[in-house]
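Comments concern the structure below.
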Amino acid sequence: GILNFCANNYLGLSSHPEVIRAAVEALEKFGAGLSSVRFICGTQSIHKDLEEKIARFHQREDAILYASCFDANAGIFEALLTPEDAVLSDELNHASIIDGIRLCKANKYRYKHMDMQDLEAKLRDAQKHRLRLVATDGAFSMDGDIAPLKEICQLAQKYDALVFIDECHATGFLGPNGRGTDELLGVMDKVTIINSTLGKALGGAAGGYTTGPKPLIDLLRQRSRPYLFSNSLPPAVVGCASKALDLLMESNAIAQSMAAKTQRFRSKMTAAGFTISGKDHPICPVMLGDARLAAVMAEDMLNRGIYVIGFSYPVVPKGKARIRVQISAVHSDEDIDRCVEAFTEVGRKHGALP
Ligand code: PLP
């Protein structure tokens, strides 16, 4: 009887019968696992097929699988950038991008969150380096805001830089066909590298990938440490993701169904008097400020059958505690209304609403 409003299961595919069946079939046909990394004896036809499908989905030349997107982010910067290069990173990028950048020896610039003036100043300074890479989340998971990719790509063009985006909170549902932030903002041909996860909208099991130009993917197969030194993805996991991509490429109906639901939640909550951060994204952070208020409200929401979690420092800045609600394509309008009603009651009880 409890409704889950805090999963990254944006499209509801983790419980889709066809996705589950595909996992079982892959398990039966290809076994439980490979007991090997990819380049030894850990590559089966399904791994190659999934990489090809990912590249086709994103309209890129090639793709490479990892055990997680954390690994994809840990592996890319060190493999691609040398001490002669520069990486320019949004200050609110995901921890795995930050860790990946820490591992590389390139010159590091951190620009203010989505601040194009600051990015331009840093790009100007970075002209002295051999190669420049701008790295940003496509959609930021704590605030539900979307990177200004059009402007970032324009600056990248002006200052001869490559653009990297992490699409974990965009792949499968942003843009008319769910291709992601680059499709939503009309820059699919301008973003060079995409990292994303199979552990959220695309079936929710596990796994990550990089997709982009073929020479880059070839380089990662030779040099990327999490790819070279970590086990191959289990067949059942590959089966899930592969079916999820099939469903999304057959029709854009699932991806499209998100937008109206997100809009319903955001507008009803705003009308009730709450402040919802971000815009048009199924991550809907209900901003509360006080950490204790966020925790007790989340607890009380669960008593009313709504599963949500309070986020406070150090996950978000001090004084900016919130309850992060995530809308899924499988939520019905009634589910969303039930969630808003519970928030309104709990908010009044704890003084978050008048
Ligand atoms: N990048 C972002 C923006 C994420 O939100 C996450 C997951 O929390 C990751 C990377 C890591 O993805 P995975 O769970 O596949 O390691």
Side-chain angles (χ1 to χ4, degrees), residues 3-23 50-60 63 69 137-141 144-147 149-150 165-191 194-209 211 238-267 276 278-284 324-333 335-336 339:
L3 291 170
N4 188 345
F5 274 92
C6 56
N8 297 307
N9 184 18
Y10 294 111
L11 298 174
L13 294 182
S14 64
S15 50
H16 194 289
E18 284 188 54
V19 173
I20 295 169
R21 199 174 325 117
L50 179 55
E51 286 172 338
E52 183 275 322
K53 210 175 273 183
I54 287 168
R56 193 151 35 90
F57 179 77
H58 286 285
Q59 297 174 25
R60 297 314 202 267
C69 186
D137 278 355
F140 290 84
S141 62
D145 49 358
I146 293 171
L149 280 190
K150 215 174 214 149
I165 57 175
D166 175 325
E167 287 283 88
C168 283
H169 294 279
T171 301
F173 56 93
L174 283 191
N177 300 295
R179 287 337 185 234
T181 319
D182 58 340
E183 188 193 31
L184 179 74
L185 300 176
V187 288
M188 283 184 90
D189 57 338
K190 304 233 161 40
V191 170
I194 294 174
N195 275 9
S196 193
T197 186
L198 305 172
K200 300 191 196 297
L202 299 183
Y209 57 85
T211 184
V238 176
C240 281
S242 190
K243 178 52 76 175
L245 284 168
D246 287 345
L247 293 171
L248 292 177
M249 287 197 275
E250 269 163 28
S251 147
N252 67 356
I254 309 178
Q256 285 294 318
S257 71
M258 285 298 309
K261 294 185 181 183
T262 299
Q263 179 57 26
R264 185 178 187 95
F265 181 79
R266 283 180 171 272
S267 60
I276 311 296
K279 193 172 158 275
D280 298 336
H281 194 283
I283 292 175
C284 306
R324 187 178 74 173
V325 171
Q326 286 166 285
I327 303 298
S328 168
V330 284
H331 289 137
S332 65
D333 285 352
D335 294 339
I336 289 170
C339 182

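For the single chain, residues carry numbers from 1 onward in sequence order.
Residues forming a ring pair (Phe, Tyr, Trp, His ring centres under 6.0 Å) with Tyr209 (at least two apart in sequence, or on another chain): His58. Taking the salt bridge (Lys or Arg N to Asp or Glu O under 4.0 Å) definition, one finds that Arg266 meets it with nothing, sequence neighbours left out. Under the rule for a salt bridge (Lys or Arg N to Asp or Glu O under 4.0 Å), Asp137 has no partner lying at least two apart in sequence or in another chain. Listed by chain and residue number, nothing satisfies the ring pair (Phe, Tyr, Trp, His ring centres under 6.0 Å) test with Phe57 (two or more places apart in sequence, or in another chain). Applying the side-chain hydrogen bond (donor to acceptor under 3.5 Å, both in side chains) test to Ser257 and every residue at least two apart in sequence or in another chain returns nothing. Scanning for side chain to side chain contact (heavy atoms under 4.5 Å, CB included) contacts around Asn8 gives Tyr10, His169, Lys200, Arg324, Gln326, with sequence neighbours left out. Scored by the ring pair (Phe, Tyr, Trp, His ring centres under 6.0 Å) test, His16 finds no partners at all (sequence neighbours excluded). Applying the salt bridge (Lys or Arg N to Asp or Glu O under 4.0 Å) test to Glu183 and every residue at least two apart in sequence or in another chain returns nothing. With sequence neighbours excluded, no residue satisfies side-chain hydrogen bond (donor to acceptor under 3.5 Å, both in side chains) with Gln263. Listed by chain and residue number, Glu52 satisfy the side-chain hydrogen bond (donor to acceptor under 3.5 Å, both in side chains) test with Arg56 (two or more places apart in sequence, or in another chain). Considering only residues two or more places apart in sequence or on other chains, Thr262 meets the side-chain hydrogen bond (donor to acceptor under 3.5 Å, both in side chains) condition with none of them.
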Stepwise, does the side-chain contact (heavy atoms from CB on, under 4.5 Å) test hold for Ile146 with Leu174?
CA-CA 10 Å; Ile146 293 171; Leu174 283 191; 4.1 Å; yes
Where do Asp166 and Ser196 land on the side-chain contact (heavy atoms from CB on, under 4.5 Å) test, with the steps shown first?
CA-CA 6 Å; Asp166 175 325; Ser196 193; 5.7 Å; no
Take Phe5 and His331 through the side-chain contact (heavy atoms from CB on, under 4.5 Å) test and state the conclusion after the steps.
CA-CA 9 Å; Phe5 274 92; His331 289 137; 3.4 Å; yes
Salt bridge (Lys or Arg N to Asp or Glu O under 4.0 Å) assessment of Arg60 paired with Asp189:
CA-CA 9 Å; Arg60 297 314 202 267; Asp189 57 338; over 6 Å; no
Would you sort out whether Asn4 and Cys6 count as a side-chain contact (heavy atoms from CB on, under 4.5 Å), showing the intermediate values?
CA-CA 6 Å; Asn4 188 345; Cys6 56; 3.4 Å; yes
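Val330 and Leu11 make their closest contact through CG1-O, 4.4 Å (heavy atoms, listed as atom of the first residue, atom of the second, distance). Contact record, Gly203 with Ala244: N-CB, 4.0 Å, taken as the closest heavy-atom pair. Taking every heavy atom of both residues into account, Ile54 and Ala63 meet most closely at CG2-CB, 3.8 Å. Residues Ala23 and Cys240 share a closest heavy-atom pair of CB-SG, 3.6 Å. For Gly172 against Leu202, the heavy-atom pair with the smallest separation is CA-CD2, 4.4 Å.
Side-chain atoms of Arg179 come within 3.5 Å of backbone atoms of Asn177 as a donor-acceptor pair (strictly under, hydrogens ignored).
Ser328 and Asn9 form no side-chain donor-acceptor contact under 3.5 Å, judged by distance and modelled atom types alone.
We find the CD1-CE distance between Ile194 and Met188 to be 6.5 Å, quoted to the nearest 0.5 Å. Here Asn195 contributes atom CG and Ile165 contributes atom CD1; the two are 9.5 Å apart, rounded to the nearest 0.5 Å. Between atom SG of residue Cys284 and atom CD1 of residue Ile327 there is a gap of 5.0 Å, rounded to the nearest 0.5 Å. In this structure, the separation between OG1 on Thr181 and CZ on Phe140 is 9.5 Å, given to the nearest 0.5 Å. Remark: Leu184 CG to His281 NE2 distance equals 9.5 Å, nearest 0.5 Å.
Leu50 is listed as a side-chain neighbour of Leu245, based on a closest heavy-atom distance under 4.5 Å. No side-chain heavy atom of Thr197 sits under 4.5 Å from any side-chain heavy atom of Thr171.
Among residues at least two apart or in separate chains, salt bridge (Lys or Arg N to Asp or Glu O under 4.0 Å) pairs with a member in residues 239-264 are Glu18-Lys243, Lys53-Asp246, Arg264-Asp333, Arg264-Asp337.
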